[in-house]
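Read the structure below first, then the notes.
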Amino acid sequence: MGLLDGKRAAVFGVANEHSLAWAIARSFHEEGARVALSHAGTPFEKRVRPLAERIGSELVFPCDVREDGAIVEAANRVGEAWGRLDILVHSIAFAERSDLQGRFVDTGREGFRTALEVSVYSLVALARAFEGLMGPGAILTLTYIGSRRVVPNYNVMGVAKAALEASVRYLAHDLGRSGIRVNAISAGPVRTLSAAGVRGFRDMLRHHAEVAPLRRNVSAEEVARGALYLCSDLASGVTGEVLYVDAGYHVLAR
């Protein structure tokens, strides 16, 4: 018996086999869930479809989260295929590379809007579109400690993650009456495609491993196990929370 036997999960944000979204999708499959995967368009589809085949995913579809119509179409496709959805994973974040270096104060209006729209509003839009297919159910997103503390070069993405965590709390309030739980995982730094866009990321990895209480970095698999907990019945009474999977780094004063 798997923790997610009989569950249906849609995972948004798989970019390649190194992404946290893929680690989560794979762990869900291993625990008995049927998993649908979205991709951001043709360049990503070539990477995502082979991964979908590895877990027997029957639903693979494009979804540009900047377009409300694309989000509604994604919900319609899932609804037509499955009739319901038990788990929605939002692993989507983007900021212009030029805004992930130098000073935060130099962030332009368009760069700020892009980061917040793609990284934060997309969660709200997905929750709204899929609400009718869920209940009870679980929604999960991914954040980072740059939401609470200044991380050099993380800049506008730190502000976006702070807004994302606030959105988790407000969504938890709105959707709780339908039995939909909304939570987030704050993961330690992991080598992914999106992380590569942050200037000095290697230094972040090294610093984290040197000072975190466990004196190491975390793996994508460890993050996925946290996701499995939050999206399974083991966490049936948990909503509006941020679970730290970061080897204890968040407890430090530095």
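We count residues from 1, following the sequence as given.
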Determine, for F112 and R109, whether the Lys NZ or Arg CZ falls below 6.0 Å from the six-membered ring centre while staying within 45 degrees of the axis. no
Heavy-atom distance under 4.5 Å between the side chains of S232 and L4, does that happen here? yes
Quick one: do H208 and D246 satisfy side-chain contact (heavy atoms from CB on, under 4.5 Å)? Show the steps, please. CA-CA 9 Å; H208 187 280; D246 65 354; 4.0 Å; yes
Does some side-chain heavy atom of S119 sit less than 4.5 Å from a side-chain heavy atom of M157? yes
Applying ring pair (Phe, Tyr, Trp, His ring centres under 6.0 Å) to F12 and F130, what does each step give before you reach the verdict? CA-CA 12 Å; F12 288 78; F130 281 88; 5.8 Å; yes
Electrostatic pair E17-R54, nearest N-O below 4.0 angstrom: yes
Correct closest heavy-atom pair for R169 and G240 would be CG-O, 3.9 Å
Can you tell me how far NE2 of H90 sits from CG of L123, rounded to the nearest 0.5 angstrom? 5.0 Å
Audit row: R84, R8, side-chain contact (heavy atoms from CB on, under 4.5 Å) steps and yes/no: CA-CA 8 Å; R84 76 170 201 271; R8 294 166 171 83; 2.7 Å; yes
I need the F44 CZ to R49 CZ distance, nearest 0.5 Å. 15.0 Å
Could R26 and E221 be called an ion pair, given the rule that one side-chain N must be under 4.0 Å from one carboxylate O? yes
Side-chain donor/acceptor of S57 to backbone N/O of V35, under 3.5 Å: yes
Within this structure, what is the CG-CG distance for the pair L140 and L230, rounded to the nearest 0.5 Å? 6.0 Å
Thinking salt bridges, do R128 and E131 make one under a 4.0 Å N-O criterion? no
Quick check on the hydrophobic clustering: are L51 and V11 connected, directly or via other members, by side-chain heavy-atom contacts under 4.5 Å? yes
State, with a plain yes or no, whether a side-chain heavy atom of L252 is found less than 4.5 Å away from one of V211. yes
Looking only at heavy atoms, what is the nearest atom pair of V168 and V182, with distance? CG1-O, 3.5 Å
Rounded to the nearest 0.5 Å, what's the gap from CG on N183 to SG on C231? Could you check? 8.0 Å
Tell me whether M134 shares a hydrophobic cluster with V72, the cluster being built from Ile, Leu, Val, Met, Phe, Trp, Tyr side chains joined at under 4.5 Å. no
Might you work through the salt bridge (charged side-chain N to carboxylate O under 4.0 Å, His left out) test for E210 and R216, ending with a clear yes or no? CA-CA 7 Å; E210 289 174 351; R216 63 175 178 84; over 6 Å; no
Answer whether the closest heavy-atom distance between the side chains of F28 and I87 falls below 4.5 Å. yes
Determine, stepwise, if the pair T141 / T143 fulfils side-chain contact (heavy atoms from CB on, under 4.5 Å). CA-CA 7 Å; T141 189; T143 184; 5.7 Å; no
Of all the heavy-atom pairs spanning Y144 and E165, show the shortest one and how long it is. O-OE2, 3.9 Å
So how far is it from I185 CD1 to E241 CD, rounded to the nearest 0.5 Å? 12.5 Å
Can you label the angle between the Y249 ring and the H207 ring as parallel, tilted or perpendicular, going by 30° and 60°? perpendicular
Quick one: do D5 and K7 make a salt bridge, cutoff under 4.0 Å? no
Looking at A209 and N217, what are the two nearest heavy atoms and their distance? CB-ND2, 3.6 Å
Give a yes or no on whether I24 and Y229 share a hydrophobic cluster (residues Ile, Leu, Val, Met, Phe, Trp, Tyr; joining criterion: side-chain heavy atoms under 4.5 Å apart). yes
Do V89 and L133 sit in the same hydrophobic cluster, where Ile, Leu, Val, Met, Phe, Trp and Tyr count as joined when their side-chain heavy atoms come under 4.5 Å apart? no
Determine whether F104 and V156 make a side-chain contact, defined as any pair of heavy atoms from C-beta on separated by less than 4.5 Å. yes
Rounded distance [0.5 Å steps], CD in E80 versus CG in L59: 10.0 Å
With the side chain counted from C-beta on, respond yes when H39 and V60 share a heavy-atom pair under 4.5 Å apart, and no when they do not. yes
Work out which heavy atom in L85 is nearest to a heavy atom in A10; give both atom names and the distance. CD1-N, 3.6 Å
Hey, mind stepping through R97 and D99 against salt bridge (charged side-chain N to carboxylate O under 4.0 Å, His left out) and telling me if it holds? CA-CA 5 Å; R97 185 178 291 268; D99 290 325; over 6 Å; no
Going by heavy atoms in the side chains, are V78 and F61 under 4.5 Å from each other? yes
What about V151 and Y244, same hydrophobic cluster or not, with Ile/Leu/Val/Met/Phe/Trp/Tyr joined at side-chain heavy-atom distances under 4.5 Å? yes
For L20 against A187, the heavy-atom pair lying closest together: CD1-CB, 4.4 Å
So, does T114 use its side chain to make a donor-acceptor pair with the main chain of G111 at under 3.5 Å? no
Tell me which one of V118, L142, V120 satisfies side-chain contact (heavy atoms from CB on, under 4.5 Å) with I92. V118
Does either side chain, that of S186 or that of H250, offer a donor lying less than 3.5 Å from an acceptor on the other one? no
SB check R34 E58 (cutoff 4.0 Å): yes
